Amino acid sequence: MNATELLSIVVPCYNEEEVLPIFFDAVQKECEKLKNCDVEFIFVNDGSKDKTLHLLRNLATSYPTTVRYVSFSRNFGKEAGLYAGLEHAKGDYIVVMDADLQDPPELLSEMLQILQESNGEIDCVGTRRVTRDGEPPIRSFFAKQFYKLINHISDTDIVDGARDFRMMTRQMVDAILSITEYNRFSKGIFSWVGFNTHYLDYKNKERAAGETSWSFWQLFKYSIDGIVAYSDVPLSIASITGFLSFFASLILALIIIVRTLVFDDPTSGWPSLACIILAIGGMQLFCLGILGKYLGKMFLETKKRPIYIVKEDEHSRGNLNA
Ligand code: UDP
Ligand code: MG
């Protein structure tokens with residue numbers, strides 16, 4: 001067998017004080033079963049407002065060889081957390097996990113085995129939820145519609161039910177890190193970089209403790225971000241709408257001319273006119289809105305701001321103590 005390899009476990013955490021100790025124990029137990037593999041944890045504290053950072057400091061002090069952490073200067077979002085975690089991971093294999101135990105740690109050994117035994121055939125073992133039990137039905141419904149829509153209008157395949165919980169090879173992670181765009185939509189990035197992904201199915205689990213930090217509105221905005229980042233179809237919709245309304249106005253003009261000439265019936269009434277003005281005005285605003293969405297993304301992208309800002313990690317903490 002080959003020499004001992006290293007598995008990095010990347011965990012973005014936002015207000016996870018309740019679940020973090022349970023998570024760490026559960027994952028550590030699973031890691032003892034891993035063969036020929038050492039483990040390092042990289043926790044990313046995404047500007048938590050509770051005692052998450054405090055817990056991470058303690059963990060890093062208690063397990064100096066296995067636990068590392070990065071703490072942001074504020075909440076930058078899960079996508080930034082993922083990026084920071086991947087950037088700091090040193091492992092030959094890297095797995096991304098949520099802190100709430102919705103990603104079953106029991107799968108870790110199977111994922112690692114698949115990667116190790118595939119001889120480079122498989123670069124990533126992803127996980128897919130086959131059920132969405134425990135999730136509000138309305139949320140599941142909209143999630144389904146979103147996946148249908150985005151796969152319809154985007155060339156990048158975005159797998160329904162695929163979680164961010166995935167184990168990747170170093171090569172694939174380097175490819176992901178080479179994408180430095182500011183508006184990150186990980187589900188798209190994972191798929192865009194290519195490589196072979198093998199999916200494991202599992203049943204949805206509810207959070208072990210704590211609460212989800214995603215509101216319905218945030219998820220809605222996230223899905224719009226995904227569409228804008230991976231498809232230019234909305235822009236085409238804008239031009240098609242413009243073209244169709246122009247076409248409709250030509251036909252309308254013809255009808256009016258014919259009506260006047262043949263039936264000697266001059267157009268009358270302002271209500272129809274008001275309706276037309278409103279409809280066209282509405283369409284124009286709608287198309288402008290779509291344009292604006294893309295322009296806004298470009299605006300943020302051209303500023304080239306860093307994806308995250310670190311306030312503290314296990315080294316700087318060490319210096320502070322010294
Ligand atoms: N998370 C984060 N930053 C955020 C929101 C969430 O790092 O701004 C982390 C969170 O701590 C958890 C993971 O992302 O580890 C998934 O979050 P959550 O469980 O709230 O999402 P859900 O599972 O409901 O999609
Ligand atoms: Mg969760």
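Atoms within a ligand are numbered from 1 in the order they appear, just like the ligands themselves. Quantities reported herein were computed from a predicted structural model and do not represent experimental measurements.
Ligand 1 places these atoms under 4.0 Å from at least one heavy atom of C13: 7 (O), 11 (O). Near A99, the atoms of ligand 1 lying under 4.0 angstrom from a non-hydrogen atom of the residue are 15 (O). Annotation for ligand 1: atoms under 4.0 Å from non-hydrogen atoms of D46 are 2 (C), 3 (N), 4 (C), 7 (O), 8 (O).
On a distance-only criterion, P12 and ligand 1 share at least one N/O pair closer than 3.5 Å.
Closest approach of Y63 and Q28 over heavy atoms only: CE2-NE2, 3.3 Å.
With salt bridges taken as basic N to acidic carboxylate O contacts below 4.0 Å, none links D313 and R68. Salt-bridge check for R57 with E312: passed, with a basic side-chain N closer than 4.0 Å to an acidic carboxylate O. Using a 4.0 Å cut-off between a side-chain N of Lys or Arg and a carboxylate O of Asp or Glu, R184 and D225 do not qualify as a salt bridge.
Side-chain atoms of R170 come within 3.5 Å of backbone N or O of G91 as a donor-acceptor pair.
Within a 6.0 Å sphere centred on CZ of F286, heavy atoms belonging to other residues, nucleotides or ligands number 12 at most.
Of all the heavy atoms of E16, the ones lying under 4.0 Å from any atom of ligand 1 belong exclusively to the side chain. At a heavy-atom distance under 4.0 Å, atoms from both the backbone and the side chain of D98 approach ligand 1.
When you scan the N, O or S atoms of D100 for the one nearest the Mg ion (ligand 2), you land on OD2.
Linking ILVMFWY side-chain heavy atoms closer than 4.5 Å, directly or via other members, places L6 and V70 in two distinct hydrophobic clusters.
When the options V19, D100, L20 are ranked by their closest heavy atom to atom 19 (O) of ligand 1, first place goes to D100. Heavy-atom proximity to atom 8 (O) of ligand 1, evaluated over N45, V11, N75, is greatest for N75.
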